[in-house]
2 protein chains.
Amino acid sequence: MGVYENIKHAIITEVYPPGFRLTEEALTKDWNVSRTPIREALKKLEFDGLITPLKRGFIVRTFSKEDLQQVYDLRALLESYAAAQAAMNRTEEDILFIQEAIRAYEIAMLMKEKDMDQNQAIVEANSRFHKGVIEASCNNHVRDLIDKVVVLPLMFRSFYHFDQTDIDQSFQMHKTIARAIVNNDPDRAKTAMQEHILRGRDFVLQHYESGATAVNQTID
Amino acid sequence: MGVYENIKHAIITEVYPPGFRLTEEALTKDWNVSRTPIREALKKLEFDGLITPLKRGFIVRTFSKEDLQQVYDLRALLESYAAAQAAMNRTEEDILFIQEAIRAYEIAMLMKEKDMDQNQAIVEANSRFHKGVIEASCNNHVRDLIDKVVVLPLMFRSFYHFDQTDIDQSFQMHKTIARAIVNNDPDRAKTAMQEHILRGRDFVLQHYESGATAVNQTID
DNA sequence: TGTAAAGTGTTTGTATACAATAGATAGATT
DNA sequence: AATCTATCTATTGTATACAAACACTTTACA
C-alpha cells in the first residue's frame, strides 16, 4: 500500500483527527519516506477534499453543517442521475454485480450487531452497491464527480450510528433501486436513489451535533 | 505566471495539441525549471482532466463525441442546479456582478466580427457570466464540481465557430437567466440555464466532425 | 507599556543526483 | 525468418541539500 492510501486511511479512521495539522517533515517521520512522495500524497488528498491547505501545511478537513447539506444534496443530484442512466444502459454483468453487493449487505446484516466488523462490512457492501450502479450508468465522468463529492470519513462514521431499523431500511432501498434498474425504469431508479441519499443526509445532519467534536473541530 | 498556468495555456491554445506527448524532461527544457515544479503542474493538469496519464508520461487529452455528450449533460445538470440556488440565494452584489458580465458580452459583440480578439473577449465575458451565477448560488462544492466538468479547450474553440446569430442567441439566454435570478424564480432560472447549456452541447456536437482532427486525435 | 524592527527557527519551494523500471533494440537460437 | 532473451536507453520514482518564505520571539525605542 502506498503512502497516499496509508495517510488516507489514517484520516478516515481518525488516527489523524479533523483539524489535525499535517506537515511534510512530520509525515516523513510517521511513514519513513522522503518528502517527495509525501508531497504528492498531500496534493492528492487536497484534491480529494480530505485536507485543507493552510499558509503552511495542511489540516485534516472539518465539515460544517452547511458543507454536509450541500455535499449530500449534490450527491443526491449526481447519483440519481447515474441511477437513471443505469436503468437505461445496464448490462447483464452490471446486474450481477449489483445483486452481489446486495447479497453482501444481507450477509453483513447477520453479523454480531453494532460490532466494528459489522460496521466495516456494511460500509463495504454499501459502497459496492453504489459503485455498481455508477458503473452501470456507463459514464466515467459522472463517476469521477461522485468520487469527489462522497466524503469517506462521514460515510464511515455515519454507519456506526445506524441502528437495526436504519440498516434494514437502507437495505430495502437498495433492493428497490436495483429492481428499477433491472426493469429499465429510469424515473423510478432516479427518485428511489434520490430518496435513499436524502435519507442518508437527514440521518447525518441529525447526528451532527452529537458527534460534533469529531466532525466540526475547528482550529484555535 | 507559474509553470502550471503556462502549460495550461499552451494546451488550451493548442501549442501542445491534443494527443501531444508530454514528458517531464522535455518540459523542463521548454520552461526552464527543474522536474519538481513540472511534476506538480502535471499532477494538477491531470486533476483538471486536461492530460491523460500513460504508462510513462502523459498526452494532451482527446475527447470522443461520447465524452462531449456526457460532459455537457453533466454541466447542464450542475449549472441548472446552481442557477436555481442562485435565484434563491443571490445578493445585490451578485446581481451587479452578473449584470456587469452581460454588459461585457454586449461590448464584445460590437467588436470586429470573427476576429481573434472578439473571440477572446466573448469567451471571457461568457465565463464571467457563468462564474457570477455559480458564485450567487453560494455553494462552493457545486463550484468545484463545475470547474471539473467545464473543458477549457472546447469552450475556447467552440466560440470561434459561433456566427452572429449564435452569439446573439447566447446573449439573449444570459439575459433571460439573469432576469429569473433577479426575480427569485428558481424554476425558470433552472430550465433556462439547462436549455442554454444544451444548446451549447448541440452546437459543439454538430461541429465535432469538422474540427475532428484537432479534438479527436488518437494515439497511434 | 505599546509598537515596530530585527533576528531566529520552522516549513515549504526548487534543483539535482541516483535508483528503479519500462520500453526498445539487437543478438542468438531454432 | 521468427521468436525469445539480454542489454541498453529513456523516463519516472525517491532522497536530499540548499534557498526562499513565513511565523514567532525578542529587543529597541517611543
Side-chain angles (χ1 to χ4, degrees), chain A residues 1-12 14-62 140 144 147-148 153 217-220, chain B residues 1-12 14-62 140 144 147-148 153 217-220:
Chain A
M1 213 166 45
V3 199
Y4 164 72
E5 284 82 8
N6 283 321
I7 300 178
K8 186 172 183 177
H9 186 254
I11 292 172
I12 291 169
E14 297 191 40
V15 173
Y16 297 138
F20 188 84
R21 185 165 178 225
L22 300 172
T23 66
E24 295 179 3
E25 199 54 44
L27 289 169
T28 60
K29 274 154 194 161
D30 285 2
W31 304 103
N32 271 343
V33 287
S34 79
R35 277 178 53 211
T36 312
I38 293 286
R39 284 183 70 111
E40 192 149 323
L42 287 173
K43 272 272 139 47
K44 271 196 219 166
L45 292 165
E46 182 189 359
F47 181 73
D48 291 343
L50 254 39
I51 61 179
T52 309
L54 256 35
K55 279 138 297 180
R56 10 199 45 203
F58 296 85
I59 56 167
V60 176
R61 179 155 182 194
T62 63
N140 289 336
D144 292 347
D147 272 353
K148 206 165 151 39
Q217 216 166 67
T218 38
I219 333 109
D220 302 299
Chain B
M1 215 169 38
V3 199
Y4 164 72
E5 282 84 8
N6 283 322
I7 300 178
K8 187 173 182 174
H9 185 254
I11 291 172
I12 291 170
E14 298 191 37
V15 173
Y16 297 138
F20 187 83
R21 185 165 181 224
L22 301 171
T23 66
E24 295 178 3
E25 199 55 42
L27 288 169
T28 60
K29 273 153 196 163
D30 285 2
W31 304 103
N32 271 343
V33 287
S34 79
R35 277 177 53 209
T36 312
I38 293 286
R39 284 182 70 109
E40 193 149 324
L42 286 173
K43 270 272 137 46
K44 270 196 219 165
L45 291 165
E46 184 189 355
F47 293 152
D48 291 343
L50 255 37
I51 62 179
T52 309
L54 255 34
K55 281 135 295 179
R56 13 202 40 205
F58 296 86
I59 55 168
V60 177
R61 180 156 180 192
T62 63
N140 289 335
D144 292 347
D147 272 353
K148 203 163 156 41
Q217 218 166 67
T218 38
I219 334 109
D220 301 300

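Numbers restart at 1 for each chain; the letters A, B, ... are given by sequence-line order, proteins then strands. Just so it is clear, the model here is predicted, and its values are computed rather than measured.
You won't find any donor-acceptor pair under 3.5 Å spanning the side chain of A/R56 and the base of D/dA23, going by distance alone.
When side chains are defined from C-beta on, B/E5 does not count as touching B/K44, because their heavy atoms never get closer than 4.5 Å. Taking 4.5 Å as the limit, some side-chain heavy atom of B/I12 sits within range of a side-chain heavy atom of B/K8.
Between the CD atom of B/E25 and the C1' atom of C/dA15 there is a distance of 12 Å, rounded to whole Å. If you measure from atom NZ of A/K44 to atom P of D/dG13, you get 10 Å, rounded to the nearest angstrom. One atom, CZ of B/F58, and another, P of D/dT12, lie 8 Å apart when rounded to the nearest Å. To the nearest angstrom, C1' of C/dT14 lies 16 Å from CG of B/L27. Summarising the geometry, the separation between CG on B/L54 and P on C/dT21 is reported as 19 Å, rounded to the nearest angstrom. Taking atom CD1 of residue A/I38 and atom C1' of nucleotide C/dT11, one finds them 14 Å apart after rounding to whole Å. Computed from coordinates, the B/R39 CZ to C/dA15 C1' distance equals 14 Å when rounded to whole Å. Atom CZ of B/R35 and atom P of D/dT12 are 7 Å apart (whole Å).
For the pair A/V33 and B/L42, nearest-nucleotide mapping onto DNA chain D gives the more 5' position to B/L42.
B/T36 comes within 4.0 angstrom of a nucleotide base, judged by non-hydrogen atoms across all strands.
Checking C/dA15, C/dT11, D/dT14 against the side-chain heavy atoms of A/S34 singles out D/dT14 as nearest.
Remark: side-chain polar atoms of B/R35 are not paired, donor with acceptor, to backbone N or O of B/E24 under 3.5 angstrom.
Heavy-atom minimum distance, B/A10 versus B/W31: CB-CZ2, 4.3 Å.
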